[in-house]
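Working notes, beginning with the structure itself.
Just so you know, these numbers use all the heavy atoms, side chains as well, and skip hydrogens, waters and symmetry mates. These numbers were taken from a predicted model, which means no experiment stands behind them. A note on names: the letters A, B, ... follow the listed sequences, proteins ahead of strands, and every chain is numbered from 1.
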Amino acid sequence: MGENGIKLRAENINLSFGGVEALIDVSFELREHEILAIIGPNGAGKTSLLNCINGFYRPQKGRIMYEGYDLTKVSSHKIAKMGLSRTFQNIALYTGLSTLDNLMAARNIRMRYNVFAAILYFGWAHREEMKHRRVIEDIIEFLEMESIRKKPVGMLPYGQRKRVELGRALALEPKVLLLDEPMAGMNVEEKEDMARFILDTYELKKIPVIIIEHDMGLVMDIADRIVVLDFGRKIAEGTPDEILANHAVINAYLGGE
Amino acid sequence: MRLPCGIINKSYSQDTAIVRTNLQWLLLVLALITLFTFPYWASPHWISVMIGVWISIIGVMGLTLLTGYAGQLSLGHMAFVAIGAYTVAILMSDLNWPFWAALPCAGMISGCIGVIFGLPSLRIKGFYLVIATLAAQFIIVHIISRWDSLTGGVFGLSVPKVTLGGFEFKSDFSYYFLAMIFALIAILIAKNLSRSRIGRSWIAIRDNDIAAEIMGVDPFKYKLLAFFFGCFFAGIAGGLWAPYLRYLTPEQFTLMGSVWYLGYMVIGGMGSIMGPIAGVIFITILDEFTAEMVTDLATGSPVFAGFVQASRYIVFGLAIILFLIFEPRGIAHRWERIKNSYRLWPFSY
Amino acid sequence: MGRTLVKTLSISILVIILMTLPLLIACSDDDEKTENAPEELPDIHVGMSALVTGPYGAYAPITWGYLDYMKDLNERGGIDGAQIEVHWKDCQYDVAQSIAAYADYSKSYDLVAFTGMGTGANLALAERCAEDGIVLAAIGGEPELIWPAQEWVFASSPNHAIGALGAMQYAMEQWDEGRVARVGIAYPNNPFGQSIIGPIEEYASELGYEVVEKQEFELTALDAVSQSLAFRDDEVDIVYVQGTAKSVAVLCKDMDRQGFIPKMVIGPLHVIHPAFPELAAGTGEGVIGWNPFYLWPQDMDNESVQYWRDKALEYSSGDIVSEEDPYMSMLYMWGLSVGVLLEAGLREAAAEVGAANITAEALRNALENVTNFKTGNSGFQPGIGFSPSNHEAYSATSLMQVQDGVWVRINNMFESPWKFAE
Amino acid sequence: MDTFLQLVVTGLAVGATYGLIALGFVLIYKASGVLNLAQGELMMFGAYICFVFSVQANIPFYAAVALTLPVALLIGAVIERFFLRYMIGQPLISVIMMTIGLMILMRGIATWIWGTEPKVYPQVFPQESMSIGSVNISYEYLWAAGLSIFFVLIYIIFFRFTKSGLVMRATSDDEHAALSIGISIKKVLSQSWAIAALTAAVGGIIIGALVGLDTTSFPQYGLKVLPVVLLGGLDSIPGAIIGGILIGLTENLVPEYLGFLGGGMEELAPYILVLIVLIVRPHGLFGLKRIERI
């Protein structure tokens, strides 16, 4: 495990696309047991930062240390196997699959049976499928998705799709959970449900969570610490109370000088 | 999939089984009986047509895994059918291998060459990938038509008959069973692959390749696996064509053939195992119908010869267009909906 | 809701219709059989995998000719009263479809002969016919089918190599430069293109010329500059192009533009299309092509051509034999020639075993005894004959040349001097 | 060296024609994201309509071409309205299948109307050739190349400076944004099909003038330029013409200098070239590379 209760540490991340600098010298750390919120105006580089952690973007400079590995040198699907799981800002579900199969698809990394077993199906593959099905059903129950279990996710309403995404992220049995605006575009009721699921997950699984969110009230309520990004730079870091009092943050949000 | 009222899942494995209700069991048994007794009551014409159907189903099933499930568009599937066919032909005639050893070899070789042509898919996506498979089509057929010493060049080569013990699969009657059994096995394998972790990973790559990779699906492994299985099936289909046609020439494996494979799949419905079966049957029946129509038009009273020459194109083109306008998602999709509405009848909720 | 219901219903009906179609078609086949049953003499069944539609649809007149000949033969009283029933299906030049049609007909009827279209289909059919003991009455084309003679395969008209060799012989007769003529060949990489190369090269040593350059040249090429340059650099005297009217025209134009004018350009029978001189835009002057039939505007008053002109109008195929389109007429004659072959064999067989007992075996044996057979109206080609070592109906061609922008026959039918068969 | 120059000149000229045909693919792809496999059939129709005007109706050739263009526009618009319109929102591969259906239907209609016999235009381009040093350039190829480049320039001007051109560019860039500022997508789609059909008609007439017309082999030129389209980039107009020229050069130079690899290399070389280019640049030489987001 990480040293001094640090689960994940990003050091001097620099990322640019052509001439556009998306992230400049961003460093932060995620502790063993906390909900860390990343906030900032649109285009501040929040999603890019998560994409760097997931290995989807490769930062030009800097490193991201996790369990002794530098994530910037590991391919995306291996990062998932190492236990980093996430949801996406613009829902990125497998629209052709049902809710159940979306979750099962995430279990792929925990399944062991090989191609030949898959061809035969009966026996090893079947036994393992059933074993994982049990895990998935627990998640479905936990997220209260029983009624949409077999519906193709392409046909689900927005709020439920967000919920399926959370379910898929949980199906990976993550050691770190990255949530990219899990409550964007929801009504108050749905937001409350989602916040409850996130907090329950955090309590139950004892895993650290990084959350990107625009709803400041919510962030202040659930986050232990907050990192504020603006134009690709980290402008503040601290507990909610510290952030509320931070001038740089107020300037960034209210456009002061 | 919805179930008729009153059917309750008591275990997960019951929930995932293919055959669920008594009615389904009955239909399955009836269908199998029909298929196995088909040559005894059908006319020779339809037996030979059905052999083509079975073999095409295997090939199109491969394309469905590759394009329908894994989303890797292929315009060169016929070339892999050609590899399978020529592998079987050469192994059987030059090296005197039995068919039963040559066929798996055909699948393996076709699959491995498919993986080679699938390598660019790791970098090239979408329509650009068409070029890799199009290149496969041209390069493979080019090599076949010029490697005279091995393949007989443009004049082709003849293929020995399939034997089992002392029995020769000579007539259409016996070959029907051979083709059907391989097709049924292929359908079963495709079904199993599609409902296993592999099938789900393919769909994940197809629907959202970036999310799939971030959520732990290795695109390298699964794309190549899709190419392997897609081309493996094509190779098996080719391997079954060869001893049936008993003569191979490169001109049997055209680009239009590959385009038709796509056609079978789209008409039948992509991304389902029912799709290729329905598509092959639909287009084959349409084909038989148009051929029959040409004969009728030409042997009737004097007609405008130009129209007869064009008739098959026109009917075929119109049929596909109308079909796509009314059912763009294919027969399998329509079938699912009919089934669902039947099951919920009269209480649709 | 209502709309989806209508849609569901209409699709269901479509599916049901499609499922019942095979049944309907199967039933209609049965009806035909019972209708013909009460005839006194049994029918003689022949099969054909025809070519009417598809990418090679241009060759459809061959099928019309064949069908019309059989119709005419039946009207003339058949073979000593026995009618001939032709079973055919449009197979679009496709090998698999041809095989399926063959399998169907050979199983359903007691076929005595079968006819296929396309090299691949014919080569595949030859194997099956030999196995089942059915005569393959091949439509011209491929030397591979009859050189050497295969037991069950008979060709109705001269193949591509015969024509090529005839034309080469003519070229050598015209050659008066006192040195070895240099020949270049342009060919597409398909059976049609490849099949002439061996014979021409072998023939070269006999006639004293030399094949110095072989260039691949696709039938759909947009330009032929690299081929033209290769021929120019090798100082080729005679160019043999195995191509269609379009592709030969492309080569002629490009050779002309490169300032390279060979002594002679020879094309196959496909080149003698009335559109060729125009396609070549003046550069096609003097090009030679060969023709296995007596059929050109000069021959339109030929009694036999007149006869078939009327018949083609009367039967199903419309205005095919005409001055305007001698090329189409030639294809039609090509189809007729298969009919002549079958009539010759069947008449001979009927004389041997009686019209009621004609089997494929009898037909085969009879064919090998045919010598100089001509029906009253088959004057569009020389008399046909076979021997055990020669399964080619005849090996005579005449040559055509573009003169002042039109095709003109430059010599009468002459026997190609050299045969592989013997 | 003479041979080399000769082949380069021919390659450039033929390549420019390929580029023009490729442009038809690019226009439709840019507007609707569809690879139109019936492009060769559109070419054939344009060429035959021009044949009807110039030969059957005996109108002077250039007037016949001028008459053909509006008909071609109409054909494009009709195809979009009655066939492709129903496919909006359907899976892309179904839409491609629709173009395959169109391809078969159009071949049928052309065979019905015009038969399978080859047809010839009256002499369009001068047959003579011009000599520069030892290189012979035929006026025919010069005309073909000139016309192709002329049309490409017109398209570039159209897309840069006219309102409809701007609207089409906007739509291809971001369909949703275009929708939100009041652009009618249907209108844009219909326009782009019309223009693609017009391009195809011009390409068809040029090829018809080069090698003659027929209903059986003519449509093949449509699929033959697929490598050109992918080499230049599916959404790039200059890419189409440069890709065309590169492929034209490859086809002409490869048989001469790589002939030792065996005959028929000119058919394979374009594919191999494109494959190599795509592995280095997955969006073609000039195709737009979008930053992938999630």
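Only the side chain of B:Ile210 comes within less than 4.5 Å of a heavy atom in chain A; its backbone stays farther off. At a 4.5 Å heavy-atom cutoff, the contact between A:Arg134 and chain B is made by backbone and side-chain atoms alike. Within the 4.5 angstrom heavy-atom criterion, no atom of A:Ala125 approaches chain B. For chain A, the nearby parts of B:Ala212 are the backbone and the side chain; heavy atoms of each come within less than 4.5 Å. Using a 4.5 Å cut-off between heavy atoms, A:Ile79 does not touch chain B at all. Contacts between B:Phe229 and chain A at a heavy-atom distance below 4.5 Å involve the side chain alone, from C-beta outward. Looking at B:Tyr69, neither its backbone nor its side chain comes within 4.5 Å of chain A, counting heavy atoms on both sides.
Atom CZ of A:Arg63 has 12 or fewer heavy atoms from other residues, nucleotides or ligands within 6.0 Å.
Annotation: maximal heavy-atom pairing with chain B below 4.5 Å, among A:Met130, A:His132, A:Arg133, occurs at A:Arg133. For the set A:Glu129, A:Met82, A:Lys81, A:Lys78, the count of heavy-atom pairs under 4.5 angstrom toward chain B peaks at A:Glu129. The candidate from B:Arg197, B:Arg206, B:Glu213, B:Met215 with the greatest count of non-hydrogen atom pairs under 4.5 Å with chain A is B:Arg197. If you tally non-hydrogen atom pairs under 4.5 Å between each of A:Ser85, A:Ala80, A:Ala117, A:Ser98 and chain B, the highest count goes to A:Ala80. When each of A:Gly154, A:Ala105, A:Gly55 is scored by its heavy-atom pairs under 4.5 Å with chain B, the top score falls to A:Ala105. Here B:Asn192 is the residue among B:Ile205, B:Asn192, B:Leu188 with the most heavy-atom pairs under 4.5 Å with chain A.
Ring geometry for A:His126 against A:Phe122 counts as tilted: the plane angle lies between 30° and 60°, on a 0 to 90° scale. Aromatic ring orientation, B:Phe182 versus B:Phe99: perpendicular (interplanar angle above 60°, classes split at 30° and 60°).
A:Glu165 and A:Arg168 are joined by a salt bridge, as a carboxylate oxygen and a charged side-chain nitrogen come within less than 4.0 angstrom of each other. With respect to A:Arg149 and A:Glu137, a salt bridge is recorded, a charged nitrogen being found less than 4.0 Å from a carboxylate O.
Under a cutoff of 6.0 Å and an axis angle of 45°, A:Arg163 and A:Phe197 do not form a cation-pi pair.
For residues 50-91 of chain A, the set of pairs meeting the ring-ring contact (aromatic ring centres under 6.0 Å, His included) definition, not counting sequence neighbours, comprises A:Phe17-A:Tyr57.
Checked against salt bridge (Lys or Arg N to Asp or Glu O under 4.0 Å), B:Lys191 has no partners two or more places apart in sequence or in another chain.
Going from atom OG of B:Ser272 over to atom CD1 of B:Ile331 covers 10.0 Å, rounded to the nearest 0.5 Å.
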